[in-house]
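A short write-up of the structure that comes next.
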Amino acid sequence: MLKPILLLLLTTSLAFAQKTEGIVTYERKSHWTKIIARLPFLSREEKDRAAMTWKNDDEDKVKMKLLFSEKGSLFTYESEQAQSDDGRWSWRQDDYFISRNFEKETMTDIIETLGKTYIIEDSLRTPVWKVMNQIKDVNGYVCMKAETTDPIRGQKIAAWFSQDIPVPAGPERYFGLPGLIMELDINEGDVILEAVKVEFKPVGKELALPKAKGKKIKETEYESLLTKHINDSIKANRNPYWAIRY
Amino acid sequence: MKYFILTGLLCLLMTGVFAQSAPARFNLLGKAVDTSAVALNGATVMLLTPKDSALVNFTRTSETGAFQFKNLKRGTYLLKISYVGSIPFNRTIAPPDGNELDLGELKLKPITKELFEVVVKTARAPLTIKGDTIEYNAATFKVPPGSTVEELLRKLPGVQVDQEGNIRAQGQEVKRVTVDGKSFFGSDPKMATKNLPADAISKVQVFTDKSEQAKITGVDDGKKEKTVNLELKDNFKKGGFGKLVAGGGSDLVPDRDNRARGEIKGNYNKFDTKQQFSVIGLANNTNQTGLSWNDYQDFRGSNSFNWNDEADFGFNGGRFIMFGDDQESLSIPVTGGRGRGFSDNQAGGANYNYDTKKTKLSSNYYYSRTRLSLDALRSRENFLPGDLSILTADTSGQINANSNHRGSIRFEKSLDSMSTLIFLNNSRFGTNSGLLQAEQSLFRNGETLTTRNVRNNTSSGQSLGMANTLLFRRKFKTKGRNFAASASILTNTSESQLDLNTSTQFFESSRATLAQRQDQRTNSVSNEYKASLLFTEPFKKKFFWESFYNFSLRRDVADRDVYDRMREGSTGQMPRLDSLSLYYENNYLYNRLGTSVRYSHKGINLTVGAAAQRFDLDGEYANDQSLFLRSKINRTFMNIIPSVGLNYDLKNNRYLNFNYSVNTQMPSARDLQPIVDNSNPLFIRQGNPNLLPSQAHNLWGGFSYFNPGSFTNFWGNINYNYFTNQVVYNQVIDPTTLVTTTRPENISGGFNVGAYTNFSFPLKKTKSNLGFGTNTSYGENLLYINQVLNTSKNQNYTFRARLDLTPVDWFTLYANGEWGIQKVNFSVDTRQNQTIYNYTYGGEMNIRLLGDFYINSNLNYRVFINERFGFNQHVPILNASVYKILGKEKRWEIRGTLYDALNRNLGVNLSAFQNFVTNERVQTISRYGMLTLTYNMRGVKAQMKRQGF
């Protein structure tokens with residue numbers, strides 16, 4: 001009588017253990033005419049012209065992956081190289097490794113931006129999430145909505161997290177919800193990351209960051225670097241987001 | 001009194017309790033169960049701040065459904081429990097008296113299974129929960145186009161619509177239907193559902209609301225009514241915008257007939273998410289012949305640019321062959337600057353685009369008309385072998401009128417997720433007429449008047465051009481495997497008539513006078529049939545094998561009849577001049593098969609390939625169509641062309657490129673037709689039916705770097721071009737009359753080599769920017785003059801500098817300078833070697849004054865120096881305008897402009913090439929003033945700063 005119960009317990013806990021470790025593949029779609037429409041130095045006419053002209057050609061797709069376990073997570077490009085839609089051309093991806101350690105509460109990011117590679121090491125600071133009364137399905141997972149803001153870029157962030165994967169990990173630099181973030185909506189649809197594949201498997205060693213040379217800075221320094229770049233670019237009538245990640 | 005004491009006692013007791021047990025922290029526990037009291041294992045329990053729902057803490061329930069939060073700060077919280085398939089549980093938690101609060105069993109209600117399956121799982125629409133009721137937004141339920149909301153509601157789970165149109169939701173009758181939260185045409189719910197189209201609706205929300213009665217009276221009668229709210233699409237963007245610019249003014253030139261100047265240009269656009277309709281129109285006499293890029297984009301919308309319409313496949317997806325055609329373009333001309341001379345222009349058109357993911361349609365019509373009057377003074381010196389030179393002095397006046405109707409259709413259809421079909425049609429019908437009066441004198445060695453010609457020609461013609469292309473592309477499951485096929489038919493027919501009326505005096509030879517009056521009629525038809533195939537196959541992950549095949553058959557027919565008006569009979573009959581008449585037929589067959597391998601990995605794209613191509617030229621010609629004895633042309637040309645390309649994406653925005661390719665250009669129809677063009681009797685042109693395609697071997701290497709952090713840019717490249725079978729116009733000069741006859745011929749050996757650099761960086765970020773650049777080139781051009789080979793060697797050195805100043809919001813200045821030196825050596829006569837200096841200074845200044853007044857001025861100062869001719873010309877063109885933006889919505893602009901304020905627009909041009917040096921002066925619009933009024937529905941913006949990118 002005891003044996004089957006034990007077995008049941010074991011299997012359920014096993015099933016649970018499996019659901020806390022794995023790889024999520026996201027499709028990151030950015031709509032650059034929507035991003036352009038946010039630039040304060042462009043007139044209504046110029047924004048509309050871009051939106052009209054590039055109506056059928058404003059979506060940029062790239063696959064990203066998130067490796068996660070209860071201990072931590074690593075978010076980066078699915079492939080080291082980007083490929084054109086027909087697969088005939090490829091180009092290099094900028095270094096972009098976002099690593100979170102939930103045990104030690106630390107972060108290490110390797111980001112190639114503004115002509116340099118930066119290594120951002122700091123303690124974890126969880127974004128302030130607002131949990132909303134909305135649920136929806138993302139790739140077979142029922143998700144709840146949570147919202148926050150990015151004060152550096154002035155963006156509204158909406159995250160759809162699944163309580164079926166009880167790991168506080170997420171794509172880009174977002175984390176800290178009672179479930180894995182399956183969909184991330186940056187600024188009302190300007191950029192959307194949607195989970196297209198979820199695989200549960202041990203990822204232990206794969207969570208390690210690759211070796212990289214770069215300038216070590218703290219999160220606040222990185223933030224002030226971005227703030228300065230955005231301010232300078234807007235002043236010079238340039239789109240800051242050609243050079244930094246939106 | 002009793003009450004008083006009791007209350008007092010209670011107060012005391014309360015404060016006692018408070019004083020005794022107000023710990024700073026407390027524990028919160030509870031148990032999540034479903035409606036039948038079964039424990040919910042693994043439910044997410046969250047604590048939020050009640051003010052803004054910010055997440056404070058979260059945990060999960062254990063197997064028994066229990067959860068607990070320890071050591072919570074005292075305060076009010078919002079407890080939220082969520083579990084798959086249940087309506088999230090919400091409760092406000094007030095801090096307990098003690099240090100522990102046990103909430104006991106908390107029941108989570110299930111979401112109706114049907115609703116959950118259909119809305120959340122199948123439609124993937126978000127589900128919004130408000131309290132105990134559910135609003136579901138259903139934008140993804142497909143109904144046929146033209147359906148009403150009633151049909152949409154029938155599709156929704158839990159909603160029934162009966163024969164009469166009565167709606168029941170979750171078993172209850174729906175009493176109210178609102179649109180965007182407002183009642184729609186009274187209280188009958190059927191009014192909205194029967195009349196509104198389904199595709200105007202983005203969300204349908206079904207929820208329980210207080211009764212209408214309760215809402216009016218404010219007394220909650222406890223009755224709840226099922227309500228359906230229809231939200232209209234807000235992304236169902238519908239709108240229109242437009243712009244109108246109108247201006248009037250006058251020339252301000254002393255000692256000349258001052259003409260009134262005017263311009264008007266307007267466009268209007270109407271669009272929704274799928275469609276765009278636009279009209280544009282313009283008229284002016286200020287030399288603006290066509291649309292600007294901005295006008296063009298506003299007119300064509302989503303079909304301004306279509307990158308994937310190239311039907312001639314080749315290396316790197318490029319086109320296989322270029323036709324050096326002198327035909328006017330089939331697509332709408334976009335012109336940047338102002339033309340020369342004096343022109344009256346009118347244009348207008350309409351465009352319609354329909355775009356969905358699967359089907360895209362675009363069509364447009366565009367009409368343009370230009371009447372150009374051009375008075376020019378030209379002098380040209382040609383250097384000939386044997387210490388001879390000819391100076392040509394030329395005075396001409398001409399009026400040309402052109403009008404063109406253009407139309408295009410583009411249709412794209414996704415046949416399935418893997419294949420696409422595109423149909424393209426571009427057509428043009430044009431008419432032209434011209435009047436030329438010219439006097440031309442030839443001086444031997446710059447001194448002795450040898451020949452003089454006076455011309456009075458009238459010409460007219462019409463032409464029809466059309467290109468139809470069908471393009472099919474298919475992808476496969478294996479990424480990188482692609483197949484494409486295309487077929488095109490290109491047609492060009494033209495009819496032209498020239499009434500030649502000229503008289504030539506020969507001063508040196510016989511002192512004779514030759515008068516010619518001819519009626520020249522030329523009809524030509526050119527049809528081209530093209531087909532191409534492309535196949536790409538990936539292998540070994542990093543490699544692609546690409547193969548293509550191109551076929552083209554061009555068939556030209558030209559029929560030219562020249563009649564002698566001098567000998568016109570009394571009945572109007574004119575004898576035919578056989579020496580100038582011609583019938584010509586030519587088939588130009590082209591086949592190419594090519595293949596290449598590309599390595600593509602980590603930012604390196606390397607392509608190596610080769611193609612074999614063959615041209616078959618098969619034609620015949622005679623003086624008259626009826627003649628059986630025709631001269632034959634029969635030529636075959638075959639060769640192998642290589643292609644190498646490298647793109648290397650180094651880290652941190654550094655890129656390296658290298659390219660070697662061979663471009664093939666077919667001779668133009670005009671060069672091939674063995675016609676004698678004597679429209680200028682001193683400069684006779686002949687065609688050559690034996691021409692082979694010309695080939696340019698291009699070698700190109702470049703490096704670019706930009707630093708987005710510091711705004712520093714550098715790019716540079718070197719290039720080398722070597723020409724084989726280049727088409728040049730060899731000259732034969734009659735030694736006594738100095739009349740030149742040219743004939744296109746193939747020649748190999750010409751080349752040029754050049755280097756280009758550009759460097760720019762901020763002096764002070766966002767305030768000032770400095771840039772430098774250089775161009776250097778050396779080239780050799782070959783040409784036979786009287787059967788003697790002349791090599792002209794051209795050296796060019798240019799240095800560029802620019803300074804952008806944007807110190808404050810109200811002042812910007814952009815200055816640039818360019819200093820160029822051109823040295824030309826002629827092998828036939830080294831004494832004629834020339835050095836030409838071209839300097840250009842430019843500047844643009846913007847000032848914002850008080851009260852929304854702005855000043856904009858720009859200067860273009862050009863200097864031409866050629867010491868050998870004592871030529872030193874300074875041409876400063878200064879434009880200045882003052883404008884004010886008006887209205888609360890900033891939709892109006894009034895602008896006063898003075899063009900060419902210094903009145904120095906002389907239309908001067910100086911150039912040297914092959915064996916000649918030429919300078920030209922064209923009478924052109926010079927100083928004029930204009931007052932312009934702009935109305936832009938989307939607002940006018942002052943352009944103080946240039947756009948970065």
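Numbers restart at 1 for each chain; the letters A, B, ... are given by sequence-line order, proteins then strands.
Judged as a side-chain hydrogen bond (donor to acceptor under 3.5 Å, both in side chains), and not counting sequence neighbours, the contacts of A:Tyr96 are A:Glu172, A:Arg245. Partners of B:Arg473 according to the side-chain hydrogen bond (donor to acceptor under 3.5 Å, both in side chains) rule, which considers only residues two or more places apart in sequence or in another chain, do not exist here.
A distance of 12.5 Å separates CG of A:Asp48 from CD of B:Gln297, quoted to the nearest 0.5 Å. Going from atom OG of B:Ser53 over to atom NZ of A:Lys145 covers 12.0 Å, rounded to the nearest 0.5 Å. Expressed to the nearest 0.5 Å, how far CG of B:Leu48 lies from NZ of A:Lys130 amounts to 11.5 Å. Separation of atoms NZ (B:Lys765) and CG (A:Asp232) is listed at 4.5 Å; rounding is to 0.5 Å.
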- Item | Test log, rule side chain to side chain contact (heavy atoms under 4.5 Å, CB included), inputs B:Lys945 and A:Phe41 | CA-CA 9 Å; B:Lys945 274 187 191 179; A:Phe41 54 83; over 6 Å; no

- Task: I would like to know whether A:Asn237 and B:Arg946 meet side chain to side chain contact (heavy atoms under 4.5 Å, CB included); could you show each step before the answer?
- Result: CA-CA 7 Å; A:Asn237 283 13; B:Arg946 286 185 187 171; over 6 Å; no

- Item | Audit row: B:Phe711, A:Arg238, side chain to side chain contact (heavy atoms under 4.5 Å, CB included) steps and yes/no | CA-CA 10 Å; B:Phe711 293 174; A:Arg238 287 170 185 245; 3.8 Å; yes

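Neither the backbone nor the side chain of B:Asn769 comes within less than 4.5 Å of any heavy atom in chain A. Heavy-atom distances place no part of B:Glu537 under 4.5 Å from chain A, backbone and side chain included. Contacts of B:Asn647 with chain A are made by side-chain atoms alone, with heavy-atom separations under 4.5 Å and no backbone atom involved. If you measure heavy-atom distances from B:Lys651 to chain A, the contacts under 4.5 Å come from both the backbone and the side chain. Contacts between B:Leu650 and chain A at a heavy-atom distance below 4.5 Å involve the backbone alone (N, CA, C, O).
Between the side chain of A:Lys235 and the backbone N or O of B:Lys767 there is no donor-acceptor pair closer than 3.5 Å. Between the side chain of B:Lys941 and the backbone N or O of A:Arg44 there is no donor-acceptor pair closer than 3.5 Å. In this structure, the side chain of B:Arg60 engages the main chain of A:Gln163 through a donor-acceptor pair within 3.5 Å.
The most heavy-atom pairs under 4.5 Å with chain B, out of A:Thr53, A:Leu177, A:Leu114, come from A:Thr53.
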